[in-house]
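Notes for the one structure printed next.
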Amino acid sequence: MHFRKLQWLGRFLARIVLWVMLIGASFLFSLYLLLEHTNLGTYSASKLTSWLKQRYGVHIAIQRVSVKLPASLELQQALVYDLRGDTLLCASRASTSLIGIAQGGRKLRFGRTELHGAYLNLKTDSAGVLNLTELLDTFKSTTPKKQKTPFKLSIERILFSDLRFSMQRGDGEAIMGRFSPQHIDFQEIRGVIKYLQVTGDTVRMEIPKLSFRERSGFAAEEFQTRMVLCSQYMHFQDIRLREYNQDLQIPNFRMSYDSWASMKDFVHNVTLQLDIQPSVLTPRLLSYFVPLPAATDFPFHVSGYVKGTIASLHIPYFNVHVADVTQLYLQANFEGLPKVHDAVVNIAVKEFTTSLSDVHQVVNGMGVARFNLPAFARQVNNLTYKGELVGFLDDFVAYGRITSDLGDIGVDISLRLEENAATYIEGNVATKRLHVGKLLDYKDLGRTDLTASISGSISRHGGFKSHARMNIDNLEFRNYIYHNISGDGYFTPKSYAGEFSVRDSAFLLDFQGSVDFSVSVPKFQFGVKAERIDLKKIHWYEKDSIASLAFDVSAFFEGRKIDDLLGNIAFAQLSYTNSNGTAHLDGLRLTAFNDGGGKYITAESSAF
C-alpha cells in the first residue's frame, strides 16, 4: 500500500512539472511572437525613452527593437543625444545576447555583439567634462547611499564595421594633415574586439584585428593591441600596426594624466612612455605627428624608447637603420615641442655609420633637397661620426668627428632651416691625413691636412651657393708635399669667384679670378702670378737637372670651345730657367676676335 502511494505521488509531481514546463514554454513562445511580430519591443522601448526624456532630460531614439529567445536583443537606427543636443552615439544596427546578470543588475555579461554603422562622438566642455560623463551623471541619485560594488560590464566578442569614433577636447582648430589629440576622428573602423570589460571608469579590451582611417590621413590596414583606459591613464600593450610599407611594433605605450580634464593641455599634462621594437617607418607616417619637410615613403628601420611629455621629451636610446649601410644610435632631449621654432634640442650621437651614396639616398628620399652625387663620391663606403647636436630644431649646431678609411674630418657646423625657403649652412671643417686622391678618384693626389670654413645656402629646388675659406698645411701631389696653401672664394654649381695662393719653397703662386658657366656663353677672367715654380723638385719635369718657371699672366675671354673663343690673354712676364741659362719673354698678348664673319687670332710682343 505504501509503495502504491509513492508511485501515485511521483506520477502527480511529474504531471505538475510537465505542465509547468509546457506553460513556461508556451509563455516564452507567446512572448517571442509578441516581441517579434507585434512591435511590442519597439513600443516598450518608445515608452522607456519617453520616460527617460521626461524624468532625466535624456533624449534617446530607437526605430525598431527585436527580441529573440533566450536573451538576444537587436536595435535598429538607435540614436542617443548628449545634454547639449549633439549626437553622442548612434548605430544603424546593434545586436547582443545576455549571458548573465548578477548583483542586482550591477554586473552584466554579454556574448556575441555586433555594431554596424555606429558613431561615438565624445566632447569635453571648457571645464574638461566629457559629454558621456555628464550624461551618465544625470542618472546618479542625490540621496547618499552606502558604497556599492562598482558597475561591471563584460562582452566576450564584438564584431563591427563602418564605425566612427571622434573625441573633441577644447575649442582649438585641427591642422589639416596632422593628428591632434584634441581633435581625434577615426573613421571606417572595421574589426573585432574581444573580452571587453568595463569596471567603474576602467575599460579593458583586446583588439586582435582592426582597420581604420583618421581625419589627418593616418590609417592602418591592420592594427592589434591589448589596452586599458581609465581616468588616470591609457595603457596599450603589444601594438602592431601595418599600413602600406609601414610596420610598427610597440610592446608598451602608456599615457598618464591626473584626470580627463588634463587632456585639454595634452602637450604639458600627459606623460608618455613608448617602447618601440624593430619597426619600419616612413616620413609619411611621422608627418601626421611632427612637422617634416616632405611626406615621402622612404623606409626607416627604427627601435627605441621615449618618455616624458611632448613639451619635455627624453629619448634614452634610439636606433635607426636606413638605406644600405647607414646605422644611427643616439640619445636625445627635446624641450618646447611641438613649436618647432621654440623647441630646444640636445642630441648625442653615440654612433653613426654611413656612406656618401646613402646620404644621397636619404636626402633625396626625405624630400629635403634634390642633388646628384658625383660618381667619385660613391667610393666612400665607410663613414663613422660621433658628436653632438644642440640648439633649436630649425637652427642648430652640430660638432664631432668623422672617421673613415680615407682619413679623419672634424666638423663644427650650424644649420638653419626656414619653412618654404632655403637651408642655411655655416661652419668649420678640419681634416687629418685625408686621402683626397681616393676621394676624388685622382691617382696623382695623396693625403692632406687642412682647415676650412664655409657659409652658404641650399634652396628647396636644389640650388647651392656658398663662401669658403681654406688653409692647407700640406698636400701630396705627384710624390711632392706642398705647404702653405690658402684660398678664399664664392661657389655655386656653375660659377666661382675668388683667390688662392701657394707659398711653398718650390712653388710660389697667386691666383685671382672668376669662372661663370651660368650664362649662355661661359666667361673666364683671372690673373695668375708665379714668382717661382721648381719643375724639377715638384716632379713636373725631370729630364734636366734644373727646370724653373716664372710668369705673370692675365686673361679675359668667353666661349664654349676654341672655335668660338673671344678675348685676350696677356703675359706681362714669362721666363724659363734650365742648366743652359734663362730665357725671357716680356709683353706677349694673344687676342681672339671676329671680323667680317671670320675668326682672327693675333699675337703682339716686344720680341717681334
Taking [X] for its side chain and [Y] for its backbone only, find out whether a donor-acceptor pair lies under 3.5 Å.
| X | Y | answer |
| --- | --- | --- |
| Q249 | I276 | no |
| S575 | H584 | no |
| R447 | G437 | no |

Excluding sequence neighbours, so at least two apart, what forms side-chain contact (heavy atoms from CB on, under 4.5 Å) with A452?
L450, M470

Are any of the side-chain nitrogens in [X] or [Y] under 4.0 Å away from the carboxylate oxygens of its partner?
| X | Y | result |
| --- | --- | --- |
| R213 | E243 | no |
| R503 | E531 | yes |
| K523 | D516 | no |

Taking the six-membered ring for Trp and the single ring otherwise, decide whether the centroids of F500 and F511 are under 6.0 Å apart.
yes

Determine whether the side chains of T353 and T384 contain a donor N or O and an acceptor N or O closer than 3.5 Å.
no

Sequence neighbours excluded, which residues qualify as side-chain hydrogen bond (donor to acceptor under 3.5 Å, both in side chains) partners of T296?
none

Sequence neighbours excluded and cut-off under 3.5 Å, please list the side-chain donor-acceptor pairs for residues 478-485, or say none.
unit_1 : atom_1 : unit_2 : atom_2 : d
Y480   : OH     : D504   : OD2    : 2.5
H483   : ND1    : D473   : O      : 3.2

Residues 527-558 vs ring pair (Phe, Tyr, Trp, His ring centres under 6.0 Å), sequence neighbours excluded, gives F507-W540, F524-F557

Can you list everything that forms a salt bridge (charged side-chain N to carboxylate O under 4.0 Å, His left out) with D297? Sequence neighbours excluded, please.
R284

Could you tell me which residues satisfy salt bridge (charged side-chain N to carboxylate O under 4.0 Å, His left out) with E222, sequence neighbours excluded, listed by chain and number?
R242

Could you check Y424, F491, Y490 and say which one makes a ring-ring contact (aromatic ring centres under 6.0 Å, His included) with H467?
Y490

Do I250 and L274 have side chains that approach each other closer than 4.5 Å (heavy atoms only, starting at C-beta)?
yes

Chi angles and distances behind the side-chain contact (heavy atoms from CB on, under 4.5 Å) call for Q187, E214
CA-CA 6 Å; Q187 304 173 26; E214 211 272 331; over 6 Å; no

